[in-house]
Amino acid sequence: MHAYNRLPSSGHSSPSTPSSPRSRSPRLRSSSNSGGGGGGSGGGRVKPTARFTSGQQPPRTLANRITGAILSVLVRRQGIFLFAPLLYIAGILFYMGTVPFDVVPIIRHRPAPGSVYRSPQLYDKLRPEMNSDNSTADAISTIWKNSYRGGEWRPCINKSSGEIPESNGYLYIEANGGLNQQRTSICNAVAVAGFLNATLVIPHFHFHSIWRDPSKFGEIYDEDFFVKTLANDVRVVNKIPDYIMQRFDYNMSNVYNFKIKAWSSISYYRDTVHPKLLEEKLIRISPFANRLSFDAPPAVQRLRCLANYEALRFSNPILSLGETLVSRMKERSANNSGKYISVHLRYEEDMVAFSCCMYDGGEEEKRDMDAARERGWKGKFTKPGRVIRPGAIRINGKCPLTPLEVGLMLRGMGFDKVTSIYLASGKIYDSERHMKPLLEMFPLLQTKEMLASPEELGRFQNYSSRMAAIDYTVCLHSEVFVTTQGGNFPHFLLGHRRYLYGGHSRTIRPDKRKLALLYDNPNIGWKSFKRQMLSIRAHSDSKGIEIKRPNDSIYSFPCPDCMCRSNRTEDSRSSSVT
């Protein structure tokens, strides 16, 4: 039986022999054809020009052999896996042979974003172009362009006109924290007292190790005005009657003290606190900051509005000096029609220390911050296992802005060197060094210490809450308010300015995460930087009027609980968020 023949049949029954390798080569095939007969019985010899005789293989060079070996490995599926690492190693060895051993490649390591404070270098780079930029328009007069589609808002807190029912007892609260945390306690206490039909005792202020202010209620607020404004809604007294105190041996520590969880609902006061009030006729709640949920029935919210926006007025000495400083700022802003910017800057030593951020002060700064943290928060930051990552803190927008960074931001937003700025702040850490670039950018900058004489400030000098109240007053009446850090001070101002200015806060609230990335970019140019700052400014304008949502504070968002639309219609009212 013959093998299957894949070649065409030539008419013979026997299989054809495969053609010789010689006949396959075009080169050799052409030589054979020229000899006339090739492989027949009468075939002649190969011409002398042929290099190899029949049946001989051409000699293989070393390169041919290597190539053949490689190809033989490649055609096998498993061989490719063996070949790849060998090729990689060969490439590495070849590369190493081209690099002299006396030269070591330099690998430049760029620190993680935010881990290095680069703002001074950025300022040095942008300053020439910033100073020569004459494209700035009248920014302070044209900044607020946005208006709410439903129209402006107006205060509309309804006051009671009828008599108050007989009291169920006395409510005594202890307000902790700084000026505005205490303000939260006062307003919530008014709301709870009204809800429980209790008589509110003028709140007692805790002495705090950080603020270190022993001021009493009447030294910060106008106590008579407070009592009078609330007269038809909540009874307020400055002293608990003797016949009540006698039951407790004239000792407040004997009075039942409620330890209430933060953000408790008003139903908790109805179900738990009210029965005890009826039984004891005097209850104490300490501490009281943030002990009432932001969401409450309209009657409770109305009392909060009344307390915060109408009843709480600073005492006459504070109010008088604050209004004097407002007048002086307007006089110094005559070139801008009396309009000025106020900036709340939190770059005091304790704030920088608490943030755990690193700046450019080197070892001296580190020693100062470690000492401040130990002084104010013993052991809090040195607990075993606690890891502090300053770079991550900065990128997350948690680092206090420096005076230099605030100045760069404002110049990028279009405010030029002749803009008047009021700086609301405590004692700036390393102030001489940090304030220098801000004063270069805004030479008309003022503080309360610069505007007021030592005699005028003397009576407030050692009282942090009273000094903060003066700053609050000047910031309240500025054309633009700039907040650089969270906290109760800007949150209360945000709402108070909305209450005064038709629902618009007129406040710049920068995106600090975005700022951190921009300040960390050494390649950014002035035009690009300015474009980003104008975008932040426009966003603050668009967010000027906001409606309170669930879990928002009416102290920041007074619409619609404390305000009504000036041109309100039924359609616009139905679209508001409650």
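Please read these numbers as outputs of a predicted model, since none were measured by experiment.
Taking the six-membered ring where tryptophan is involved, the planes of F294 and W263 are tilted, since the angle between them lies from 30° to 60°.
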- Derivation of the salt bridge (charged side-chain N to carboxylate O under 4.0 Å, His left out) call for E310 and R304: CA-CA 10 Å; E310 298 291 341; R304 277 172 153 169; over 6 Å; no
- Stepwise salt bridge (charged side-chain N to carboxylate O under 4.0 Å, His left out) check, R313 with D224: CA-CA 10 Å; R313 185 173 75 181; D224 292 337; over 6 Å; no
- Message: L230 vs R235, test: side-chain contact (heavy atoms from CB on, under 4.5 Å). Steps then yes/no.
- Response: CA-CA 7 Å; L230 296 174; R235 288 189 181 89; over 6 Å; no
- Check the pair V192, L196 against side-chain contact (heavy atoms from CB on, under 4.5 Å), reporting the backbone distance first and the verdict last. CA-CA 6 Å; V192 169; L196 298 178; 3.7 Å; yes
- Take Y347 and S425 through the test side-chain contact (heavy atoms from CB on, under 4.5 Å) and record every step on the way to the result. CA-CA 8 Å; Y347 201 70; S425 175; 5.9 Å; no
- Would you check, one step at a time, whether the test side-chain contact (heavy atoms from CB on, under 4.5 Å) holds for S566 with W153? CA-CA 5 Å; S566 296; W153 294 72; 5.7 Å; no
- Message: Between D471 and K448, is the salt bridge (charged side-chain N to carboxylate O under 4.0 Å, His left out) condition met? List the steps.
- Response: CA-CA 7 Å; D471 279 337; K448 54 184 174 293; 2.8 Å; yes
- Pair F226-F217, ring pair (Phe, Tyr, Trp, His ring centres under 6.0 Å): steps then yes or no: CA-CA 10 Å; F226 180 74; F217 184 97; 5.2 Å; yes
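The local environment of NE2 in H539 is sparse, with at most 12 non-hydrogen atoms from other residues, nucleotides or ligands closer than 6.0 Å. The local environment of NZ in K330 is sparse, with at most 12 non-hydrogen atoms from other residues, nucleotides or ligands closer than 6.0 Å. The environment of NZ in K281 is crowded: more than 12 heavy-atom neighbours from other residues, nucleotides or ligands sit within 6.0 Å.
Note that CG of L303 and OG of S160 are 7.5 Å apart. Values are rounded to the nearest 0.5 Å. From Y269, atom OH reaches atom CG of L277 across 13.0 Å, with rounding to the nearest 0.5 Å. In this structure, CG in L494 is found 12.5 Å from NZ in K543, a value given to the nearest 0.5 Å. In this structure, E405 CD and L410 CG are separated by 12.0 Å, a value rounded to the nearest 0.5 Å. Taking SG from C562 and CZ from R154, the interatomic distance works out to 13.0 Å, rounded to the nearest 0.5 Å. The OG1 atom of T184 sits 11.5 Å away from atom CZ of R291, with the distance rounded to the nearest 0.5 Å.
Under the 4.5 Å side-chain criterion, counting only non-hydrogen atoms from C-beta, F258 is in contact with T272. For the pair P298 and Q301, the minimum side-chain heavy-atom distance is 4.5 Å or more. With contacts defined as side-chain heavy-atom distances shorter than 4.5 Å, the pair V300/L292 qualifies. In this structure, the side chains of L312 and I186 come closer than 4.5 Å at one or more pairs of heavy atoms. Contact check for E449 versus L457: side-chain heavy atoms found under the 4.5 Å cut-off. Between V343 and V406, some side-chain heavy-atom pair lies under the 4.5 Å cut-off. For the pair P490/F481, a side-chain contact is recorded, criterion being any heavy-atom separation below 4.5 Å from C-beta on. At a threshold of 4.5 Å between non-hydrogen side-chain atoms, the residues L306 and V190 do not count as touching.
A cation-pi arrangement is present between K276 and Y256, with the terminal nitrogen or guanidinium carbon under 6.0 Å from the aromatic centre and inside a 45° cone about the axis. Relative to the ring axis of F460, R466 does not place its NZ or CZ within 45° and under 6.0 Å from the centre.
When all heavy atoms are compared, the tightest approach of S556 to H491 is OG-O, 3.0 Å. Considering every non-hydrogen atom in both G218 and S315, the closest pair reads O-CB, 4.0 Å. In this structure, C357 and P400 approach most closely via the heavy-atom pair SG-CD, 4.2 Å. Heavy atoms only, all atoms of each residue included: A189 and F288 are closest at N-CE2, 3.3 Å. Here the closest non-hydrogen pair linking I536 and M413 is CG2-CE, 3.7 Å. The heavy-atom pair separating K512 from K398 by the smallest distance is NZ-C, 4.4 Å.
At least one donor-acceptor pair under 3.5 Å links the side chain of T507 to the backbone N or O of S505. With hydrogens and angles ignored, the 3.5 Å screen pairs a side-chain donor or acceptor of E348 with a backbone N or O of G426. Listed for the S420 side chain is a donor-acceptor partner under 3.5 Å among the backbone atoms of R332. Under a 3.5 Å cut-off, the side chain of D511 and the backbone N or O of R513 do form a donor-acceptor pair. D213 places a side-chain N or O within donor-acceptor distance of the main-chain N or O of S465, the cut-off being under 3.5 Å. The main-chain N or O of F415 is never found under 3.5 Å from a side-chain atom of T419 such that the two would form a donor-acceptor pair. Within the 3.5 Å criterion, the main-chain N or O of N158 finds a donor-acceptor partner in the side chain of R302. Of the possible donor and acceptor atoms, one in the side chain of S185 sits under 3.5 Å from a partner among the backbone N and O of A289. In this structure, the side chain of S528 does not engage the main chain of I524 through any donor-acceptor pair within 3.5 Å. Without hydrogens or angle criteria, S337 side chain to K339 main chain gives no donor-acceptor distance under 3.5 Å.
The closest side-chain donor-acceptor pair between S293 and D295, if any, does not fall under 3.5 angstrom. Checking H504 against D541 by side-chain atom types alone, a donor-acceptor pair falls below 3.5 Å. Checking S286 against N257 by side-chain atom types alone, no donor-acceptor pair falls below 3.5 Å. Side-chain contact, Y501 with E479: no donor N or O sits under 3.5 Å from an acceptor N or O. For the residue pair S478/R497, the side-chain donor-acceptor check at 3.5 Å is satisfied. Judged purely by distance below 3.5 Å, without hydrogens or angles, the side chains of Q182 and Y221 never pair a donor atom with an acceptor atom. Judged by distance alone, the side chains of Y555 and N188 do bring a donor and an acceptor atom under 3.5 Å apart.
Remark: R411 does not engage D133 in a salt bridge, criterion side-chain N to carboxylate O under 4.0 Å. For E546 and R498, the salt-bridge test passes: some basic side-chain N is under 4.0 Å from an acidic carboxylate O. A salt bridge is defined here as a Lys NZ or Arg NE, NH1 or NH2 lying under 4.0 Å from an Asp or Glu carboxylate O, and D520 with R394 fails to meet this definition.
With ring centers used as reference points, F492 lies 6.0 Å or more from Y472. Taking the six-membered ring wherever Trp is involved, the centroid distance between the rings of Y340 and Y422 does not fall below 6.0 Å.
Within the structure, every pair that satisfies the salt bridge (charged side-chain N to carboxylate O under 4.0 Å, His left out) test and touches residues 163-183, not counting sequence neighbours, is listed here: E174-R284.
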